[in-house]
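As structure tokens, the structure follows; a few thoughts come after it.
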Amino acid sequence: MSVFKSEFLHTLHERGFIHQTSDDSGLDALLQKETLTSYIGFDPTASSLHAGHLIQIMLLHWFQKTGHRPIALMGGGTGMIGDPSFKDEARQLMTPEKIESNLAGVKRGFSKYLNFGEGPQDALMVNNADWLMDLNYVEFLRDVGRHFAVNRMLAFDSVKMRLDREQSLSFLEFNYMILQAYDFVELNQRYDCRMQMGGSDQWGNIINGIDLGHRMGTPQLYAVTSPLLTTSSGAKMGKSATGAVWLNAEMLSVYDFWQYWRNTEDADVSRFLKLYTTLPMDEIARLDRLGGTEINEVKKILATEVTALLHGRNAAEEAAETARKTFEEGAHADNLPSIEVESSQLSDGIGVLSLFVTAGFASSNGEARRHVKGGAVRINDQQVTDERRIINEGDLTGDGVVKLSLGKKKHMLVRPS
RNA sequence: GGAGGGGUGCCUGAGUGGUUAAAAGGGGCGGACUGUAAAUCCGCUGGCUAUGCCUACGUUGGUUCGAAUCCAACUCCCUCCA
């Protein structure tokens with residue numbers, strides 16, 4: 001199926017979001033006819049979402065933008081179990097407290113992408129703990145469990161891998177897919193939700209939900225999955241030099257977020273523009289034609305657009321400007337990420353090593369020492385060769401700060417306080 | 001409950017008494033080259049108040065001049081049987 005008539009699927013298709021759908025034409029027709037409700041589930045495995053989730057969030061974003069109602073489902077209940085799909089081994093069980101606090105962090109990421117409210121097209125955020133936690137075991141088995149054939153569940157790729165490798169799959173985890181399927185049905189009953197989206201690894205889980213719906217008398221439900229994204233060199237999305245690319249600003253500064261996208265590989269630029277920005281397709285096509293060194297300008301646009309969606313236009317442009325000053329002028333822009341150090345400490349003098357540890361550029365003095373040996377450490381753009389170098393007030397520049405650099409790309413300002 | 005197999009650094013995975021802080025690969029970081037890209041090449045990849053000290057091969061104890069390597073108990077995981 002190449003031609004979609006509904007705006008939503010058409011947009012998704014031309015931007016490269018679609019991996020698989022359960023019923024192209026049926027869904028396409030339905031989307032044209034009425035305002036639909038669709039959901040994506042997010043498990044609270046960390047206290048913030050990261051760049052790997054961004055494609056899911058963009059799906060919801062487009063869904064709303066093309067006139068439908070998205071639901072962000074928080075896996076407060078399913079998070080108690082942990083999704084075993086395609087995992088080698090059981091995840092450590094998370095404590096309810098941990099889940100609760102993660103949930104709070106995860107939620108914050110959404111406000112920038114979706115408009116929440118009570119209207120017919122306003123996004124909703126719901127938590128499956130609301131219905132999963134109060135289930136009565138026997139009742140649930142009779143109403144829902146009887147619709148699942150273990151034979152078929154065992155055949156799913158997502159669990160087959162575990163079984164083939166003779167790794168244990170606990171009964172607890174085995175139930176994950178039942179609960180996720182049940183979520184779909186529950187959301188249908190509560191919110192008339194007809195469609196579930198997710199990463200391609202969720203296909204099996206989603207299909208289970210559709211099947212369960214059939215058996216429990218819901219209207220026809222639909223599935224749309226997005227490709228599992230990696231960079232051209234095969235790295236998972238969302239990992240970077242400094243770790244995961246978190247969406248929450250307190251876990252990753254706006255500047256560093258911008259930098260992540262600025263450093264996109266050439267081969268990914270066009271794909272990422274389509275997936276992670278809302279620039280019109282003809283604009284993207286125009287940028288796509290730029291070659292050679294101009295691609296660097298395109299990367300800046302990519303970075304600024306992606307950052308603007310998450311952190312706002314102003315913050316994004318500030319980050320772009322900071323980067324421009326830092327990289328193109330060699331100056332140290334005021335907006336580089338910074339840390340504060342007590343002035344008294346500074347007058348006593350701080351060793352380079354511990355300063356770099358404080359800045360988070362090294363996790364131990366030993367690591368900082370190795371960086372010095374490797375010639376990666378600079379203070380105010382001067383390479384440091386003496387690992388016993390002391391930084392004190394004399395190192396403050398005219399702006400009253402000290403600039404730390406690790407390698408070419410990581411910079412931070414130290415401010416006395 | 002019975003029989004067998006196994007737990008090594010971020011991950012995979014060698015190592016079965018003595019330069020073993022532990023091969024190799026992956027991943028990560030830094031450097032060179034470039035375009036803040038990729039590819040390639042080079043270096044690093046337990047900690048510390050550091051020519052030394054401390055911690056480390058599931059846990060605890062033991063044998064030994066010396067243990068990740070041998071022994072015992074415990075613990076967790078896997079497979080098969082009941």
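Since we're looking at a predicted model, the values are computed, not measured. Per chain, numbering begins at 1; letters A, B, ... match sequence-line order.
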Return no unless some side-chain N or O of A:Asn365 is found under 4.0 Å from OP1 or OP2 of B:U49.
yes
Report yes if at least one side-chain N or O of A:Thr264 is closer than 4.0 Å to OP1 or OP2 of B:A37; otherwise report no.
no
Residue that, paired with A:His13, satisfies ring-ring contact (aromatic ring centres under 6.0 Å, His included) out of A:Phe8, A:Phe4, A:Trp62:
A:Phe4
Applying a 4.0 Å non-hydrogen cut-off, can you work out what A:Lys299 is touching in the nucleic acid: base, sugar-phosphate, or nothing?
base
Under the 3.5 Å rule, do the base of B:G35 and the side chain of A:Asp266 count as making a donor-acceptor pair?
yes
Check whether any side-chain heavy atom of A:Asp395 sits under 4.5 Å from a side-chain heavy atom of A:Val414, and report yes or no.
no
Could you check whether any side-chain N or O of A:His68 sits under 3.5 Å from a backbone N or O of A:Lys65, counting only pairs where one atom can act as donor and the other as acceptor?
no
Mind checking who B:A72 pairs with, Watson-Crick or G-U wobble, both distances under 3.5 Å?
B:U60
Separation of A:Glu328 atom CD from B:G35 atom C1', in whole Å?
11 Å
Per atom distances to the A:Arg370 side chain, the nearest of B:G35, B:U45, B:U36 is B:U45
Test item: A:Asp28 side-chain N/O and A:Ser6 main-chain N/O as donor-acceptor pair under 3.5 Å
yes
Under 4.0 Å between a side-chain N/O of A:Lys409 and OP1 or OP2 of B:A37, yes or no?
yes
Rounded distance in Å - CD (A:Glu297) to C1' (B:G35):
11 Å
So if I take every side-chain heavy atom of A:His371 and compare against B:U34, B:C29, B:C44, which nucleotide ends up nearest?
B:C29
Please determine, for B:G43, whether a Watson-Crick or G-U wobble partner exists with both distances under 3.5 Å, and give it or none.
B:C29
